[in-house]
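What follows is one structure encoded as structure tokens, with my remarks underneath.
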Amino acid sequence: MTRSDPRAPAPPSPAGDGTARPDEERYPAALIEPKWRKRWDELGLFRQDITHAENKFYCLNMFPYPSGDLHVGHGRNYILGDAVVRQAMLRGRRVFAVMGWDAFGLPAENAAIQNKTHPEKWTLRNIERMRQQFDAWGIGLDWSREIASCHPGYYKWTQWLFLKLYERGLAYRGKAPVNWCPSCQTVLANEQVVGAGECERCGTPVIQRELEQWFFRITAYAERLLNDLSLLTDWPEKVRVMQHNWIGRSEGAEVHWRVDGSRDELITFTTRLDTIYGATFLVLAPNHPAVESLTAGNQEIQAFAARVARQQSDRRYDQEPEKEGMATGKSAIHPFTGAKIPIWVANYVVMGYGTGAVQCVPAHDTRDYEFAKKYALPIVSVVRPSETGDEGWETVDGDRVFVGEGAVFDSGAYDGLTTEQARERMATDLATRRLGKATVQYRLRDWLVSRQRYWGAPIPMIYCDTDGIVPVPESDLPVVLPQDVEFKPTGESPLAAKAEFVNVTCPKCGRPARRETDTLDTFVDSSWYYLRFLTPRDETKAFDTALVNAWLPVDQYIGGVEHAILHLLYSRFITKVFYDMKLVSFVEPFRALFTQGMITRGGVKMSKSKKNTVAPDELIAKYGTDTGRVYTMFIGPPEKDAEWSDRGVEGAYRFLNRVWRLGRAHGALVKESASRPQPAIESATAREIRHAAHTALARVTRDFNEFHYNTAVAAMMELVNTLVGAAQKEEAALAPGAPAS
RNA sequence: GCGAGAGUGGCGGAACUGGCAGACGCGCCGGAUUUAGGAUCCGGUGGGGAAACUCAUGGGGGUUCAAAUCCCCCCUCUCGCACCA
């Protein structure tokens with residue numbers, strides 16, 4: 001921003017004294033932009049009096065993780081959001097635009113280990129830095145409402161949320177596998193497992209370990225989360241579909257199979273109960289709980305199951321692996337025929353879906369067919385296609401397998417029924433005999449919220465030898481994260497090594513007890529933050545029901561598509577829980593959603609680790625904020641990824657200079673003519689200008705409503721081109737052959 | 001494999017409900033300015049043709065007075081999920 005930089009905006013020289021030719025005059029961004037930012041601040045333009053909510057417009061960008069310097073890729077999100085905010089404001093909406101920080105999480109902890117600083121210090125410094133950058137970008141925000149999820153005044157209420165879920169039976173403790181590095185003795189997040197399942201730090205193969213962990217029972221809300229997607233008409237179709245698939249509802253039936261020669265029972269889930277007369281074997285997932293008892297003493301098969309289970313958990317293959325299995329030697333009793341069919345363990349059934357046990361009908365399922373062929377298991381057809389043709393036929397290794405619908409045969413009392421009728425009847429009959437029933441399965445799993453990490457909200461629970469699991473009383477919140485802990489990864493939360501933290505008296509019996517030392521997943525922090533901005537400093541409650549009901553749902557939510565599933569699903573879930581608690585009156589937190597694309601450079605996402613970022617500070621120093629903003633808007637369709645181009649930036653800069661020169665040369669005229677009555681007969685040029693202005697107006701309005709900022713900028717460029725052309729024509733007409741100066 | 005989206009100049013991309021394909025920008029070419037280069041400003045710029053014209057929106061068919069846009073078949077790419085029982 002120094003004057004000596006030849007590219008810096010030159011000071012205006014209206015006298016045309018020879019230091020700068022009029023056609024070279026630059027837009028003096030360094031003078032103008034700070035002036036206006038100061039003015040907005042003085043006016044309190046973005047401060048909102050929340051006591052009035054009529055005509056409200058709550059616009060929210062997904063709050064960022066304070067990772068340090070922002071680059072122009074981040075800038076795109078906030079510049080788009082700012083455009084939405086300013087348009088709404090100009091249209092007289094009561095705008096609510098706020099910013100916060102998703103400030104807990106692993107990177108802060110890693111940075112702390114690396115730089116020997118405290119995560120909090122690192123985080124707060126980054127926040128400070130990023131706040132300045134937002135300001136330099138001219139993003140209009142009500143900073144008096146800023147929140148940070150790592151602040152005790154905030155996470156107190158994250159902990160409160162946990163207690164509320166616990167009270168309602170929606171938070172529970174259960175076993176779950178974690179990624180474990182045997183060498184580092186630590187739990188690893190999925191993203192710390194690299195290559196073919198190795199520890200990011202030391203390269204040791206990562207193993208799975210079962211730990212007691214906390215879960216949120218989001219599956220209890222699966223049906224509503226699915227159904228209410230239909231309310232979200234202003235969400236991108238893509239995101240709705242992703243959520244739909246993630247929840248993954250399928251209707252089918254549970255079938256109980258008695259294990260021959262034992263009192264044990266296996267439960268399978270199938271969507272094709274109608275084919276059960278064709279079931280010639282059962283397959284269990286390698287980590288199915290029954291595997292151990294069924295194969296007691298058989299080391300070979302247990303080793304096989306363990307190996308295959310590990311392979312499954314890696315899930316780092318491009319194609320499906322070759323199907324592999326071993327017979328357990330045990331059989332199950334077919335609930336309809338009484339036949340004994342063998343029970344196998346195989347790698348193509350996973351524990352994470354259904355019951356982890358399936359009936360196998362090789363004649364009507366491609367996977368079962370493939371497996372049956374390999375191990376020479378019987379293949380029994382029971383469905384006859386209702387129509388001829390290729391409908392419902394699949395090809396496996398050159399063989400044709402019918403997986404479609406039709407009529408069943410060789411199926412006892414059900415012969416002749418359509419597959420659909422057979423499914424219904426069979427389910428009813430199973431239910432009567434208490435051997436099964438029609439059920440609905442979801443792919444969605446419960447939300448594992450425990451993290452064996454330091455930098456997060458402590459889970460407000462206490463373990464007492466007498467009273468068991470005891471929640472921390474609400475009046476004792478927040479459970480404050482202690483400052484001085486050792487961050488060395490040890491395998492459990494660093495909090496566990498902190499005696500002053502761990503040792504506590506039981507709130508029930510007063511005897512010595514231990515605190516939970518795990519912290520909450522940061523997605524818990526972000527699952528409710530949009531409710532906090534209305535009353536960011538309230539120490540008496542998480543949010544104010546009346547205010548929240550007046551100002552929410554968020555009218556426009558903006559963020560990256562990378563949050564299309566988890567963050568949005570969790571927020572929707574928590575909102576529904578609050579709805580059930582009668583704390584909010586709406587069932588969906590975000591009325592409209594816009595997911596913008598990333599900025600790439602050299603074809604890859606702009607990121608610090610890729611070393612392909614463009615620093616906004618340099619950009620602003622060289623061209624000014626508005627150049628960056630115009631370019632960012634113009635770079636391409638906002639919902640798509642866009643490649644950064646330094647040449648493109650210069651184009652935006654040229655455009656702004658054109659506007660500047662046009663204004664300086666003709667601004668006075670415009671002002672004057674505005675107060676003059678419209679002449680009865682317009683000149684051709686005047687008509688051309690009027691037409692261009694109205695066209696631009698219409699297009700920009702339409703484009704803004706549809707997030708087409710790239711074409712809105714183009715429309716304004718066109719208008720300016722027309723005006724410059726018109727000005728030249730007029731000058732030529734006024735001074736024929738008489739050069740000025 | 002399933003689902004979603006996309007294929008238009010040298011490049012990013014426009015084209016509202018079927019109505020002049022290529023807006024706008026980058027690049028390139030020419031001009032002005034400059035000792036020169038850069039920067040800046042002005043103009044030109046899909047292919048072929050001297051021209052009238054003509055050919056062009058991944059490929060092939062179709063509907064229509066009229067198709068980038070609608071229908072059918074095929075190809076390619078991107079993203080998401082993935083042995084979902």
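Here is the naming used below: chain letters follow the sequence lines, and residue numbers restart at 1 for every chain.
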Just the atom pairs and distances: protein N or O near nucleotides 14-20 of chain B's N or O, under 3.5 Å.
| residue | atom | partner | partner atom | Å |
| --- | --- | --- | --- | --- |
| B:A14 | OP1 | A:N710 | ND2 | 3.3 |

Detail all sub-3.5 Å separations between protein N/O atoms and N/O atoms belonging to nucleotides 26-29 of chain B.
| residue | atom | partner | partner atom | Å |
| --- | --- | --- | --- | --- |
| B:C26 | OP1 | A:R654 | NE | 3.1 |
| B:C26 | OP1 | A:R654 | NH2 | 2.6 |
| B:G27 | OP1 | A:R647 | NE | 3.4 |
| B:G27 | OP1 | A:R647 | NH1 | 3.0 |

What protein N or O atoms touch nucleotides 75-79 of chain B N or O atoms at under 3.5 angstrom, if any, and at what distances?
| residue | atom | partner | partner atom | Å |
| --- | --- | --- | --- | --- |
| B:C79 | O2' | A:K238 | NZ | 3.4 |

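For the pair A:R400 and A:W393, the cation sits on the ring face: its NZ or CZ lies under 6.0 Å from the ring centre, inside 45° of the axis.
Secondary-structure annotation of RNA chain B gives the stems B:1-7 with B:75-81, B:10-12 with B:24-26, B:27-32 with B:40-45, B:46-48 with B:53-55, B:58-62 with B:70-74, with a stem taken as at least 3 successive Watson-Crick or G-U pairs whose two distances both fall under 3.5 Å.
Ring geometry for A:Y709 versus A:F704: interplanar angle over 60°, hence perpendicular rather than tilted (30 to 60°). Aromatic ring pairs are classed by plane angle as parallel below 30°, tilted from 30° to 60° and perpendicular above 60°; the pair A:F336 and A:Y414 is perpendicular.
A salt bridge between A:K437 and A:D429 is absent, with no side-chain N of the basic residue lying under 4.0 Å from a carboxylate O of the acidic one. No salt bridge links A:K330 with A:D264; every basic N to acidic carboxylate O contact stays at or beyond 4.0 Å.
A gap of 29 Å separates the C1' atoms of B:C2 and B:G62, to the nearest Å. Taking atom C1' on both B:C29 and B:C77, the two are 33 Å apart, rounded to the nearest angstrom. B:C24 sits 14 Å from B:G9 when the C1' atoms are compared, rounded to a whole Å. Using atom P as the reference point in both B:C53 and B:G3, the two lie 49 Å apart (nearest Å). Across the P atoms, B:G58 and B:U54 are found 22 Å apart, a figure rounded to whole Å. Here, B:G25 and B:G49 have their P atoms 29 Å apart, quoted to the whole Å. Rounded to the nearest Å, the gap between the P atom of B:G48 and that of B:G10 is 10 Å. Nucleotides B:U8 and B:U76 place their C1' atoms 15 Å apart, quoted to the nearest Å.
Residue A:L448 holds its CG atom at 4.0 Å from CZ of A:F215, rounded to the nearest 0.5 Å.
Partners of A:E420 according to the side-chain contact (heavy atoms from CB on, under 4.5 Å) rule, which considers only residues two or more places apart in sequence or in another chain, are A:T418, A:R423, A:E424. With sequence neighbours excluded, the residues forming a side chain to side chain donor-acceptor pair (under 3.5 Å) with A:E324 are A:R307, listed by chain and number. For A:R258, there are no salt bridge (Lys or Arg N to Asp or Glu O under 4.0 Å) partners two or more places apart in sequence or in a different chain.
Residue pairs satisfying the ring-ring contact (aromatic ring centres under 6.0 Å, His included) criterion with at least one member in residues 353-381 of chain A, sequence neighbours excluded, are listed as follows: A:F281-A:F371, A:W344-A:F371, A:W344-A:Y375, A:Y348-A:F371, A:F371-A:Y375. For residues 341-361 of chain A, the set of pairs meeting the salt bridge (charged side-chain N to carboxylate O under 4.0 Å, His left out) definition, not counting sequence neighbours, is empty. Here side chain to side chain donor-acceptor pair (under 3.5 Å) pairs that include residues 634-643 of chain A, with residues two or more places apart or in two chains, are A:T600-A:E643. Within the structure, side chain to side chain donor-acceptor pair (under 3.5 Å) pairs that include any residue of residues 713-722 of chain A comprise A:R658-A:N721, A:R699-A:E718 (at least two apart or interchain).
Separating the CG atom of A:L569 from the P atom of B:C81 is a distance of 13 Å, rounded to the nearest angstrom. If you measure from atom CD of A:E718 to atom P of B:G13, you get 19 Å, rounded to the nearest angstrom. Rounded to whole angstrom, the span from the CD1 atom of A:I635 across to the C1' atom of B:C11 amounts to 13 Å. At whole-Å resolution of the value, CE in A:M351 and C1' in B:C83 are 15 Å apart. Taking atom OH of A:Y369 as the reference point, atom C1' of B:G1 lies 18 Å away to the nearest angstrom. For the pair A:N657 CG and B:C42 P, the computed distance is 11 Å after rounding to whole Å. One can place CH2 of A:W235 at 18 Å from P of B:G80, the figure rounded to the nearest angstrom. Taking atom CG of residue A:L662 and atom P of nucleotide B:C42, one finds them 11 Å apart after rounding to whole Å.
Closest contact between the side chain of A:N245 and the listed nucleotides B:G80, B:C24, B:A85 involves B:G80. The nucleotide whose nearest atom lies closest to any side-chain atom of A:R661 is, among B:G3, B:A85, B:C41, B:C41. Proximity note for A:V350 (side chain, C-beta onward) versus B:C24, B:C83, B:C42: the nearest is B:C83. Of all nucleotides listed (B:C24, B:A85, B:G3), B:C24 comes nearest to the side chain of A:F634.
Contact annotation for A:D365: no contact, since no heavy-atom pair falls under 4.0 Å across all strands. Residue contacts for A:E643: at a heavy-atom cut-off of 4.0 Å it reaches no nucleic acid atom on any strand shown. Nucleic acid contact for A:V241: sugar-phosphate only, since backbone atoms but no base atoms lie under 4.0 Å from a heavy atom of the residue.
In this model, a donor atom of one side chain and an acceptor atom of the other lie less than 3.5 Å apart for A:T419 and A:E405. A donor-acceptor contact under 3.5 angstrom links the side chains of A:Y27 and A:D626, judged on distance only.
The stretch residues 277-287 of chain A does not touch RNA chain B, since none of its heavy atoms comes less than 4.0 Å from the strand.
For A:D641 and A:A714, each mapped to the nucleotide of RNA chain B holding its nearest heavy atom, the one lying further toward the 5' end belongs to A:D641.
Of all heavy-atom pairs between A:P289 and A:M351, the closest is CD-CE, 3.7 Å.
Note on A:N721: a side-chain N or O is less than 4.0 Å away from OP1 or OP2 of B:G25. One finds a side-chain N or O of A:R658 lying less than 4.0 angstrom from the OP1 or OP2 phosphate oxygen of B:C42.
Residues A:F523 and A:W447 keep their aromatic ring centres 6.0 Å or farther apart.
The glycosidic torsion of B:G9 lies within 90° of 0, placing the base in the syn range.
In this structure, A:E251 places its CD atom where only 12 or fewer heavy-atom neighbours from other residues, nucleotides or ligands lie under 6.0 Å away.
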- request: Carefully, step by step, assess A:D368 and A:R272 under the rule salt bridge (Lys or Arg N to Asp or Glu O under 4.0 Å).
  value: CA-CA 13 Å; A:D368 298 342; A:R272 292 298 304 271; over 6 Å; no

